[in-house]
Amino acid sequence: MEQPASPCSRRTKWSCSLDFGFPIPFHCDRALVPEGHVGACWKGGALQETITNPGFPVKLPWITHHEPIQVTSQTDQVRDIPCGTKGGVIINFNRIEVVNRLRKEYVYETLLEYGV
């Protein structure tokens, strides 16, 4: 079953008129959320609880900001880590790899705590 398309999904520019009778132009921007990511949305600088799926979420310029957040496995590396033992011996680790995956249901809480 198809959902009705919003005005912004059919075209990128539209206008409306207020009680004053003159048109006020609006511009609807679209953000791309790639596969393997979810979209986090900020309105007026405040993080919204709504997390969007991959695709094109509609946003309003200067009001809404979307950021793609990776939810597939990713590997990060830290290099040249010196570690000291209790006896005073220094051990150097050339490389440490950390593999992690962020679950979609924890994106909002993680962004609130740590940011993007």
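Numbers here simply count residues along the sequence, with the first being 1.
Sequence neighbours left out, the pairs with a member in residues 102-116 that pass side chain to side chain donor-acceptor pair (under 3.5 Å) are Asn53-Lys104. Among residue pairs with one or both ends in residues 79-91, those qualifying as side chain to side chain donor-acceptor pair (under 3.5 Å) are Gln77-Arg79; sequence neighbours excluded. Note on residues 36-47: no pairs pass side chain to side chain donor-acceptor pair (under 3.5 Å), not counting sequence neighbours.
For Gln48, there are no side-chain hydrogen bond (donor to acceptor under 3.5 Å, both in side chains) partners two or more places apart in sequence or in a different chain. Qualifying salt bridge (charged side-chain N to carboxylate O under 4.0 Å, His left out) partners for Glu97, counting only residues two or more places apart in sequence or in other chains: Arg95. Remark: Val107 engages Val38, Ile51, Ile69, Val71, Leu102, Leu111 in a side-chain contact (heavy atoms from CB on, under 4.5 Å) (not counting sequence neighbours).
Val99 and Val78 sit in two unconnected hydrophobic clusters of ILVMFWY residues. Membership requires side-chain heavy atoms under 4.5 Å apart, directly or through other members.
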Stepwise side chain to side chain donor-acceptor pair (under 3.5 Å) check, Thr72 with Gln70:
CA-CA 6 Å; Thr72 56; Gln70 185 176 355; 3.1 Å; yes
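Between Ala40 and Leu47, the closest heavy-atom pair is CB-CD1, 4.3 Å. Taking both residues in full, the closest heavy atoms of Gly84 and Ile90 are given as CA-CD1, 3.9 Å, listed atom of the first, atom of the second, then distance. Val33 and Gly39 make their closest contact through CG1-N, 3.6 Å (heavy atoms, listed as atom of the first residue, atom of the second, distance). Shown here for Pro68 and Pro34, the closest heavy-atom pair between the two residues is CB-CD, 3.9 Å. In terms of heavy-atom proximity, Asn92 sits nearest to Pro82 at OD1-CA, 3.3 Å.
Distance check, rounded to the nearest 0.5 Å: OG of Ser73 to CG of Asn100 gives 8.0 Å.
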